[in-house]
Amino acid sequence: MLNIKFIRENSDKARTAFRSRGMAENLLDEVISLDERRRAIIVELEEGQHLRNTTSSQIGQLKKEGTDIAELSQEMRQVGEKIKELEKESKEVEDNLNQKLLLLPNLPHPDVPYGQTGEDNPVVHVWGAPTKFSFEPKPHFELGENFGILDFEASAKITGARFALYKGFGARLERALINFMLDLHTKEHGYQEILPPFMVNSAAMTGTGQLPKFKEDLFKCESTDYYLIPTAEVPVTNIHREEILRGDDLPIYYTAYTPCFRAEAGAYGKDTRGLIRQHQFNKVELVKFTKPEDSYAELERLLNDAEEVLKKLEIPYRVVVLCTGDLGFASAKTYDIEAWMPASGGYREISSCSNFEDFQARRAMIRFKRTPDSKPEFVHTLNGSGLAIGRTVVAILENYQLEDGRVAIPKALQPYLDGIEIICPPIKPI
RNA sequence: GGAGAGGUACCGAAGUGGUCAUAACGGGACCGCCUCGAAAGCGGUUUGGGGGAUAAUCUCUCUCACGUGGGUUCGAAUCCCACCCUCUCCGCCA
């Protein structure tokens with residue numbers, strides 16, 4: 001959520017920022033006029049409340065002295081009616097304003113390059129080079145089915161399209177990756193491990209920005225207020241919702257493995273085969289709470305922490321910075337890490353690292369005090385994938401495949417798989 | 001699922017229609033005194049949101065908030081209704 005005071009005083013900046021995102025500005029105008037109206041009502045309302053408070057205590061006094069208060073009561077009854085009306089009106093305007101404010105996206109950081117689509121995202125750096133093959137590399141879903149470690153027929157029968165069933169070594173590989181990533185982030189990068197609920201209520205979804213605008217991307221559990229999480233960002237960021245943290249405790253680093261559930265509305269026909277785009281996938285997430293002045297340095301470190309996973313797994317990748325038009329709703333600045341995927345012959349997003357500044361903190365009321373008697377300020381929140389597990393499986397299978405049909409296992413992962421160095425089709429269940 | 005208890009500040013907790021909710025009392029935290037230093041002791045400070053005034057992030061002032069939302073009343077933490085959450089016991093259960 002944006003700061004209404006900031007909008008009031010810097011409407012030009014907000015306008016320019018929204019244009020760069022390709023947003024309509026009429027919402028901004030509505031917000032500004034609602035804010036004016038709201039403040040006018042408040043002045044009138046508070047005058048009435050003041051009158052009621054002072055007179056009511058007088059009435060108490062007079063009654064004790066035995067004076068007749070009938071007339072005064074009658075007058076106050078009218079003031080009461082007026083207050084009730086103004087309260088109703090003020091609530092309506094406030095709700096309306098709030099609802100609109102929740103629909104306004106974050107302002108991009110000034111560093112963020114202007115652009116309209118993902119095509120315009122500049123490459124920041126490249127690590128490694130696209131894997132070279134002396135043969136035609138196979139797509140991961142073909143390899144997975146040949147090995148008997150992925151069964152999309154079974155998952156389609158059990159649930160439907162865009163679900164995966166891992167078998168034997170496949171299930172084990174997924175689990176090994178989760179452990180490998182959690183160990184790396186907790187033991188080497190200083191994150192605390194969290195295992196949160198996989199369902200959250202609507203207040204949590206509003207706090208991080210999925211609601212109210214992106215309802216159609218979520219799965220909701222019927223006849224409850226609970227949603228399946230689309231990312232661990234939601235439960236983990238909401239750990240500190242409506243809290244005032246101690247400045248000395250910042251920054252806070254959390255990492256969490258969770259499955260992620262996404263409706264993928266509007267993705268019909270895209271990535272229909274394989275693990276790339278699923279309604280349910282696993283992810284290890286990194287979340288940070290920082291002081292405002294530290295958040296951009298922390299974003300760089302977060303990006304490094306996520307990159308480290310791919311370096312250790314020796315998977316080639318590049319980092320891009322999202323342009324204004326491609327930037328997510330809540331984010332002020334985002335880096336995407338894209339891993340090299342040989343079968344499709346391109347780089348593919350495997351992590352997204354964002355600084356939300358105080359956008360989420362303001363929605364979720366996550367604040368901190370620098371010292372015990374300073375004013376509360378909003379924290380900055382950040383998060384990034386470290387990494388998406390399913391897509392990492394894709395990257396390993398495709399990048400590590402050999403001409404004879406076998407697939408090597410990255411060295412860093414071998415300790416998590418009883419030292420297995422290479423797998424051969426068809427593999428026996430373990 | 002059944003029965004009961006409870007939600008008030010950083011924590012515990014009092015307050016059951018008006019006389020201070022910056023909320024009694026206790027604890028914690030912070031500052032000061034004492035001390036070579038500390039502990040103890042003594043004194044003090046400690047909620048947050050939204051308006052208005054102002055050049056002002058200083059200050060002054062008003063207002064809201066006792067789980068949430070309604071209702072009754074001149075006046076509600078207190079009375080009434082609905083909902084949410086927590087705890088205890090019983091049942092069921094991984």
Side-chain angles (χ1 to χ4, degrees), chain A residues 1-10 31-102 195 197-207 211 220-221 223-227 235 238-250 252 291-293 358 361-379:
Chain A
M1 187 155 60
L2 295 176
N3 184 356
I4 184 64
K5 278 185 196 152
F6 178 86
I7 298 177
R8 195 186 295 157
E9 287 154 20
N10 304 274
V31 162
I32 291 168
S33 75
L34 279 168
D35 173 53
E36 254 169 60
R37 177 119 178 279
R38 168 179 149 269
R39 284 182 296 145
I41 295 169
I42 284 173
V43 170
E44 203 182 341
L45 172 64
E46 291 191 350
E47 271 170 18
Q49 288 170 327
H50 180 54
L51 179 63
R52 179 177 69 183
N53 289 346
T54 49
T55 316
S56 286
S57 63
Q58 274 172 26
I59 289 178
Q61 207 57 38
L62 292 171
K63 211 172 162 188
K64 201 173 285 176
E65 292 161 10
T67 317
D68 179 44
I69 55 155
E71 200 177 317
L72 207 48
S73 285
Q74 186 58 34
E75 256 175 62
M76 279 303 104
R77 184 191 294 266
Q78 274 163 24
V79 173
E81 299 283 313
K82 180 76 183 163
I83 287 173
K84 206 165 277 184
E85 271 172 44
L86 285 168
E87 273 175 347
K88 191 172 164 237
E89 199 182 345
S90 142
K91 193 177 181 315
E92 276 168 13
V93 172
E94 188 126 4
D95 287 352
N96 196 354
L97 174 63
N98 218 14
Q99 221 176 312
K100 299 256 158 56
L101 269 177
L102 288 174
L195 184 62
F198 300 161
M199 291 190 220
V200 298
N201 58 34
S202 55
M205 283 292 191
T206 307
L211 286 178
K220 188 175 188 191
C221 299
S223 75
T224 69
D225 183 43
Y226 301 156
Y227 294 82
N238 276 281
I239 290 173
H240 296 300
R241 176 155 52 93
E242 286 155 47
E243 284 185 14
I244 298 176
L245 303 165
R246 289 164 21 127
D248 291 347
D249 293 339
L250 298 177
I252 295 170
K291 291 179 183 167
E293 64 271 27
D358 65 3
R362 199 177 287 282
R363 289 176 160 240
M365 290 296 282
I366 308 169
R367 292 170 293 172
F368 76 103
K369 285 186 182 181
R370 288 180 190 273
T371 67
D373 43 26
S374 42
K375 283 267 163 215
E377 299 170 54
F378 289 108
V379 300

Inset, instruction - Could you check which nucleotide pairs with G48(B) in any of the strands shown, counting Watson-Crick or G-U wobble with both distances under 3.5 Å? - result: C64(B)
Legend entry - Counterpart base for U54(B), defined by Watson-Crick or G-U wobble contacts under 3.5 Å: none
Legend entry - Nearest-nucleotide pick for Arg39(A), side chain only, options being U63(B), G51(B), G75(B): G51(B)
Inset, instruction - Measure from CD1 on Ile83(A) to C1' on C62(B) and round the result to the nearest Å. - result: 13 Å
Inset, instruction - Of all the heavy-atom pairs spanning Leu97(A) and Val31(A), show the shortest one and how long it is. - result: CD1-O, 3.5 Å
Legend entry - Arg8(A) and Arg39(A), any side-chain heavy atoms less than 4.5 Å apart: yes
Legend entry - Among G75(B), U63(B), C85(B), the nucleotide that comes nearest once only the side chain of Arg52(A) is considered: G75(B)
Inset, instruction - Counting Watson-Crick and G-U wobble pairs only, both distances under 3.5 Å, name the nucleotide matched with G43(B), or none. - result: C31(B)
Inset, instruction - Would you check if the side chain of Asp358(A) reaches a backbone N or O of Phe378(A) as a donor-acceptor pair within less than 3.5 Å? - result: no
Inset, instruction - With the side chain of Ile59(A) defined as its heavy atoms from C-beta on, choose the nearest nucleotide among G51(B), U63(B), G18(B). - result: G18(B)
Legend entry - P spacing across the pair C11(B) / G28(B), given as an integer number of angstrom: 15 Å
Legend entry - Touch class at under 4.0 angstrom, heavy-atom based, for Arg8(A) against every strand present: sugar-phosphate
Inset, instruction - Mind checking Lys88(A) for me? I need base, sugar-phosphate or nothing, with any heavy atom below 4.0 Å counting as a touch. - result: nothing
Legend entry - From G70(B), G49(B), G50(B), nucleotide with atom closest to Lys91(A) side chain: G70(B)
Legend entry - Base-pairing assignment for C89(B) (Watson-Crick or G-U wobble, both under 3.5 Å): G2(B)
Legend entry - Interatomic distance where CG belongs to Leu72(A) and P belongs to U73(B) [whole Å]: 17 Å
Inset, instruction - Give the minimum heavy-atom separation between Lys369(A) and Ile244(A), together with the two atoms involved. - result: CG-CG2, 3.8 Å
Inset, instruction - Provide the closest heavy-atom pair for Met76(A) versus Arg52(A) in the form atom of the first, atom of the second, distance. - result: SD-CA, 4.2 Å
Inset, instruction - Ignoring the backbone of Gln49(A), work out which of G51(B), G48(B), C64(B) is nearest its side chain. - result: C64(B)
Inset, instruction - Mind calculating the distance between NZ (Lys375(A)) and P (U46(B)) to the nearest angstrom? - result: 12 Å
Legend entry - Integer angstrom distance from the C1' of U35(B) to that of A29(B): 22 Å
Legend entry - Between G48(B) (P) and Ile366(A) (CD1): distance, integer Å: 18 Å
Legend entry - Distance between P atoms of U73(B) and C84(B) (Å, rounded): 28 Å
Legend entry - Donor-acceptor contact present, side-chain Asp225(A) to main-chain Asn201(A), <3.5 Å: no
Inset, instruction - Just name whichever nucleotide pairs with G37(B), Watson-Crick or G-U, keeping both distances under 3.5 Å, else none. - result: none
Inset, instruction - May I ask you to evaluate whether His50(A) reaches the phosphate of U63(B), defined as a side-chain N or O under 4.0 Å from OP1 or OP2? - result: yes
Inset, instruction - Scan Arg246(A) against the nucleic acid and name what it touches under 4.0 Å (heavy atoms): base, sugar-phosphate only, or nothing. - result: nothing
Legend entry - Under 4.0 angstrom between Asn53(A) side-chain N/O and U63(B) OP1 or OP2: yes
Inset, instruction - To the nearest 0.5 Å, tell me how far Lys375(A) NZ sits from Glu377(A) CD. - result: 11.0 Å
Legend entry - First of Gln74(A) and Ile42(A) reached from the 5' end of RNA chain B, by closest nucleotide: Ile42(A)
Legend entry - P-based separation of G41(B) from G27(B) [nearest Å]: 9 Å
Inset, instruction - Starting from P on G52(B), measure out to CG on Leu45(A) and report it in whole angstrom. - result: 13 Å
Inset, instruction - Can you tell me, in whole Å, how much space there is between the P of C93(B) and that of G70(B)? - result: 43 Å
Legend entry - Interatomic distance at P, A77(B) relative to U63(B), whole Å: 14 Å
Inset, instruction - Considering only atom C1', compute the distance from A9(B) to G49(B) and round it to an integer number of Å. - result: 15 Å
Legend entry - Phe378(A) CZ - G48(B) P separation (whole Å): 13 Å
Legend entry - For atom CD of Glu44(A) and atom C1' of U63(B), their distance in whole Å: 14 Å
Legend entry - Base G52(B) paired with Glu46(A) side chain (donor-acceptor, <3.5 Å): no
Legend entry - Of Glu47(A) and Ser73(A), the one whose closest RNA chain B nucleotide lies more 5': Glu47(A)
Legend entry - Span that lies between the P atom of A5(B) and that of C62(B), in whole angstrom: 42 Å
Legend entry - Protein-nucleotide distance (Arg77(A), atom CZ; U72(B), atom P), rounded to Å: 10 Å
Legend entry - salt bridge (Lys or Arg N to Asp or Glu O under 4.0 Å) between Lys82(A) and Glu44(A), intermediate numbers included: CA-CA 10 Å; Lys82(A) 180 76 183 163; Glu44(A) 203 182 341; 3.8 Å; yes
Inset, instruction - Sort out the partner of C74(B) for me: Watson-Crick or G-U wobble, both distances under 3.5 Å, none otherwise. - result: G18(B)
